[in-house]
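Scroll down for the structure; my scribbles are underneath it.
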Amino acid sequence: VAAVTPSVHATFPGRNGRIAFTTIWYSAESNDDYREIVSIRPDGSDPRLLARYAEHPAYRPDGRMIAFARGRGIFLMRADGTGKRRLVRGPYKEPDWSPDGRKLVLTRTRKPLGIVTWRRGGQRRWLTRGSTPAWSPTGRLIAFTRADQPFGYFRTIYVMRPDGSAVRRLAAGFN
């Protein structure tokens, strides 16, 4: 069994100083992998396993809760890894909290593929095609990527308003 570093998705709340990230364990014998969410101090010390078979941690702005993806949904847990519960059922991943902590932006992984917002009370709204959404610090924009070329090799960075309007391209990149 070996640990493999994925394209990193980490989150830092600023409140308790811990960084949460996804780690991937790979078994060459079974050709299988599984993901865990771990938190550490900024100096790399005191690693703590928060959730197994989970990925894409996102601290709520107050630093007390973490949203994360597991299986078919988005879950919520306390920053210490306790109190896990399903928040959003369905084919979603890559959650990111709005600066006020009232909404999440998510990637929908089944048709229609794209970016969705979720509010408390279970309201979901499809915004646009894309993935890897992230709120701006002010909450006025959401940045995301979109595969604009055939086969999804080239990823372009876009921003839009939280209601899905005013989509504009920022930069082209390579996956």
Side-chain angles (χ1 to χ4, degrees), residues 7-22 35-42 48-146 155-171:
S7 55
V8 176
H9 181 94
T11 184
F12 174 69
R15 185 175 188 135
N16 68 3
R18 296 190 69 85
I19 300 166
F21 61 94
T22 303
R35 299 160 199 295
E36 296 177 330
I37 296 174
V38 175
S39 77
I40 58 171
R41 290 187 176 147
R48 295 179 188 168
L49 175 63
L50 300 180
R52 293 183 187 275
Y53 307 104
E55 60 187 333
H56 306 293
Y59 276 100
R60 196 169 63 189
D62 65 12
R64 294 185 300 183
M65 304 295 281
I66 298 173
F68 64 96
R70 175 188 276 166
R72 291 188 43 88
I74 301 297
F75 289 73
L76 191 63
M77 67 179 158
R78 290 184 194 95
D80 65 2
T82 62
K84 294 173 186 72
R85 64 182 173 92
R86 187 187 309 258
L87 191 63
V88 181
R89 188 176 296 277
Y92 300 103
K93 65 179 184 175
E94 302 173 334
D96 191 50
W97 290 98
S98 62
D100 65 7
R102 293 182 180 173
K103 295 182 208 171
L104 283 168
V105 65
L106 312 167
T107 298
R108 182 174 167 84
T109 59
R110 294 226 172 98
K111 290 185 180 181
L113 301 171
I115 297 175
V116 175
T117 54
W118 173 89
R119 303 184 92 116
R120 291 181 185 171
Q123 294 177 324
R124 286 177 232 156
R125 180 174 182 196
W126 191 85
L127 300 177
T128 190
R129 290 182 305 112
S131 62
T132 60
W135 288 90
S136 69
T138 64
R140 292 184 186 156
L141 294 173
I142 296 171
F144 62 98
T145 61
R146 183 185 285 166
R155 310 234 10 118
T156 302
I157 301 169
Y158 288 86
V159 293
M160 67 180 162
R161 291 187 185 137
D163 64 3
S165 67
V167 174
R168 68 183 165 95
R169 180 184 155 174
L170 288 185

Side-chain donor-acceptor contacts of residues 112-119 below 3.5 Å, not counting sequence neighbours, with atom names and distances?
none

Is it the case that the side chain of Arg108 and the backbone of Arg110 share a donor-acceptor pair, with hydrogens and angles ignored and the cut-off at 3.5 Å? yes
With Arg102 via side chain to side chain donor-acceptor pair (under 3.5 Å) - residues at least two apart: none
Should Asp163 and Arg161 count as an ion pair when the cut-off is N to O under 4.0 Å? no
Asp96 side chain vs Trp135 backbone, donor-acceptor pair below 3.5 Å: yes
Check Ile74 against Pro95 and note the closest heavy-atom contact, atom names and distance. CD1-CD, 4.1 Å
Write out all pairs satisfying ring pair (Phe, Tyr, Trp, His ring centres under 6.0 Å) with one or both partners inside residues 80-103, taking only residues at least two apart or from two chains. none
Contacts of Phe75 that satisfy ring-ring contact (aromatic ring centres under 6.0 Å, His included) - sequence neighbours left out: Phe68
Within a strict 4.5 Å, meaning less than it, do heavy atoms of the Ile40 and Phe21 side chains meet? yes
So Lys84 and Arg70, side chain to side chain contact (heavy atoms under 4.5 Å, CB included) or not? Walk me through it. CA-CA 11 Å; Lys84 294 173 186 72; Arg70 175 188 276 166; 4.0 Å; yes
Backbone N or O of Glu55 within a donor-acceptor pair of the Arg35 side chain at under 3.5 Å? no
What's the separation between atom OG1 in Thr128 and atom CE in Met160, rounded to the nearest 0.5 Å? 6.0 Å
Between Leu50 and Ala20, the two heavy atoms sitting closest are CD1-CB, 4.5 Å
What is the minimum heavy-atom distance between Ala134 and Val105, and which atoms define it? N-CG1, 4.4 Å
With Arg41, which residues qualify under side chain to side chain donor-acceptor pair (under 3.5 Å), at least two apart? none
Around atom CZ of Arg124, are there more than 12 heavy atoms from other residues, nucleotides or ligands closer than 6.0 Å? yes
If every non-hydrogen atom of Pro99 is compared with every non-hydrogen atom of Thr138, which pair is closest and at what distance? CG-C, 4.0 Å
Closest contact, heavy atoms only, Pro133 versus Ile142: CB-CG2, 4.0 Å
Minimum side-chain heavy-atom gap Arg146-Ser131 below 4.5 Å: no
Please report the closest heavy-atom contact between Ala69 and Lys93, naming both atoms and the distance. CB-CA, 3.8 Å
Residues in side chain to side chain contact (heavy atoms under 4.5 Å, CB included) contact with Thr132, at least two apart in sequence or another chain: Glu94, Thr145
Residues which pass side chain to side chain donor-acceptor pair (under 3.5 Å) with Thr82, listed by chain and number, not counting sequence neighbours: Arg78, Asp80
If the condition is side chain to side chain donor-acceptor pair (under 3.5 Å), which residues does Thr109 pass it with, not counting sequence neighbours? none
Using the salt bridge (charged side-chain N to carboxylate O under 4.0 Å, His left out) criterion, which residues pair with Arg48? Sequence neighbours excluded. Asp46
Determine yes or no for a side-chain-to-main-chain donor-acceptor pair under 3.5 angstrom, with Ser98 supplying the side chain and Gly139 the backbone. no
